[in-house]
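Every number for a ligand or one of its atoms is a count from 1 in the order of the listing. Note that these values count all heavy atoms, side chains included, but never hydrogens, waters or copies made by symmetry.
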Amino acid sequence: MSQRTLIIVKPDAVKKNAIGQILARFEKEGLRIVAARMVYLSKREAEGFYQVHRERPFFGSLTDFMSSGPCFPVVLEGGEETIPKVRAILGATDPAQADEGTLRKQFATNIERNAVHGSDGPETAATEISYFFRGLEL
Ligand code: ATP
Ligand code: MG
C-alpha cells in the first residue's frame, strides 16, 4: 500500500521564499502532492502539534518559532517507502550533521530552525495529517 506522510515547510523556510524549491525537490524525487495549505499556527496550536516534545527543554522555544509566521503543511505520497524516503531527503535534524544534498543542509539555519518537518512513522503520519487536513481535502 502506498504510504502518505506530512511535511511542513517551517516558518523559517517560508520567510526565505523556499516553498517552491522544497516542493520541487520532492516532486523531482517522485513524490506526489496530495494536499497543501498555508497556515499561521497559534502558540497553542503549535503546542498541540508538538505534544510529544512537551517535556523537552526546547519545547517553549520550538513552539514560539512554529507560531512566529505562516508555515506550509503538505501531504506527500510516493509508494511503500514514502516516510523513510522523505526523511532521507530532509537529512539530520541538526543541519550541521546533515549530508550534502539534503534539504536541511540547503535551507536550515540551526537545529531548531531546520526548514522542514517530516513525520517519523505511519502512525505519527496519520495523526499529523489529520491535524491539518480533513478527509474531504485528501
Ligand atoms: P521533525 O519532527 O521536525 O521532522 P526530527 O524528527 O528530525 O524533526 P525531533 O526530534 O522530532 O526531530 O524534533 C522536532 C523538532 O524540534 C526538530 O525538527 C527541531 O525543530 C526541534 N528540535 C529538536 N531538537 C532540538 C534541540 N536540541 N534544540 C532545539 N530544537 C530542537
Ligand atoms: Mg520528529
Side-chain angles (χ1 to χ4, degrees):
M1 229 191 80
S2 189
Q3 241 177 20
R4 286 180 175 185
T5 194
L6 182 88
I7 65 113
I8 304 174
V9 181
K10 295 186 182 185
D12 58 328
V14 172
K15 283 198 184 89
K16 287 180 185 169
N17 268 1
I19 296 174
Q21 290 175 79
I22 288 166
L23 295 189
R25 174 67 189 281
F26 287 121
E27 288 191 323
K28 239 177 258 160
E29 303 268 359
L31 293 142
R32 179 164 296 279
I33 296 168
V34 176
R37 62 184 282 228
M38 185 79 87
V39 49
Y40 197 151
L41 293 175
S42 66
K43 172 79 170 168
R44 195 175 290 266
E45 289 163 343
E47 288 170 351
F49 183 76
Y50 277 120
Q51 264 310 292
V52 289
H53 294 312
R54 65 185 175 280
E55 307 294 343
R56 309 286 284 277
F58 56 80
F59 183 67
S61 171
L62 172 63
T63 52
D64 278 347
F65 160 55
M66 288 300 292
S67 58
S68 67
C71 65
F72 197 81
V74 179
V75 179
L76 293 176
E77 184 170 71
E80 286 171 24
E81 299 296 322
T82 302
I83 292 170
K85 190 171 175 180
V86 164
R87 300 271 297 179
I89 295 166
L90 295 187
T93 309
D94 182 355
Q97 312 290 324
D99 291 335
E100 254 352 291
T102 61
L103 285 174
R104 282 169 173 166
K105 180 75 179 186
Q106 189 177 357
F107 292 109
T109 304
N110 56 43
I111 193 170
E112 177 179 277
R113 293 170 187 251
N114 61 1
V116 195
H117 161 83
S119 307
D120 60 12
E123 282 165 23
T124 331
T127 312
E128 291 181 352
I129 289 169
S130 66
Y131 200 75
F132 289 104
F133 298 96
R134 298 190 288 178
L136 274 179
E137 297 168 319
L138 301 163

Problem - The one among H53, H117, E112 that brings a heavy atom closest to atom 9 (P) of ligand 1 - result: H53

Exercise for the section: Look at atom 7 (O) of ligand 1 and say which protein heavy atom is nearest, naming residue and atom and giving the distance to 0.1 Å. Expected result: T93 OG1, 2.5 Å

Practice task
Could you list the atoms of ligand 1 found under 4.0 angstrom from a heavy atom of N114?
Solution key: 17 (C), 18 (O), 19 (C), 20 (O)

Problem - Residue and atom name of the nearest protein heavy atom (relative to atom 19 (C) of ligand 1), distance in Å to one decimal - result: I111 O, 3.1 Å

Handout entry: ligand 1 atoms in contact with R104 (distance to a heavy atom under 4.0 Å)
Key = 1 (P), 3 (O), 4 (O), 7 (O), 8 (O), 18 (O)

Handout entry: Ion pair check, E77 and R4, cut-off under 4.0 Å
Key = yes

Practice task
Give the intermediate values and the outcome of side chain to side chain contact (heavy atoms under 4.5 Å, CB included) for residues C71 and H117.
Solution key: CA-CA 10 Å; C71 65; H117 161 83; over 6 Å; no

Completion exercise
At under 4.0 Å between heavy atoms, what of K10 touches ligand 1? The answer is side chain

Problem - Any donor-acceptor pair under 3.5 Å from T63 side chain to F59 backbone - result: yes

Problem - Backbone of R104 reached by a side-chain donor or acceptor of N114 within 3.5 Å - result: no

Handout entry: Contacts of type ring pair (Phe, Tyr, Trp, His ring centres under 6.0 Å), residue Y131, not counting sequence neighbours
Key = F49

Problem - Exam field: side chain Q51 to backbone E47, donor-acceptor pair closer than 3.5 Å - result: yes

Handout entry: Q3 to I83 - nearest heavy-atom pair and separation
Key = OE1-N, 2.9 Å

Handout entry: atom 21 (C) of ligand 1 - nearest protein heavy atom and its distance
Key = L62 CD1, 3.8 Å

Exercise for the section: Using a strict 4.0 Å cut-off to heavy atoms of Y50, name the atoms of ligand 1 that fall inside it. Expected result: 3 (O), 14 (C)

Problem - Any donor-acceptor N/O pair, R113 side chain to K10 backbone, under 3.5 Å - result: no

Practice task
Check ligand 1 against G118 and write out every atom of the ligand that is under 4.0 Å from a heavy-atom position of the residue.
Solution key: 4 (O)

Handout entry: Residue R87 vicinity, atoms of ligand 1 by number, heavy atom under 4.0 Å
Key = 4 (O), 5 (P), 6 (O)

Practice task
Considering heavy atoms of the protein only, find what lies nearest to atom 26 (C) of ligand 1 and give residue, atom and distance to 0.1 Å.
Solution key: F58 CD2, 3.4 Å

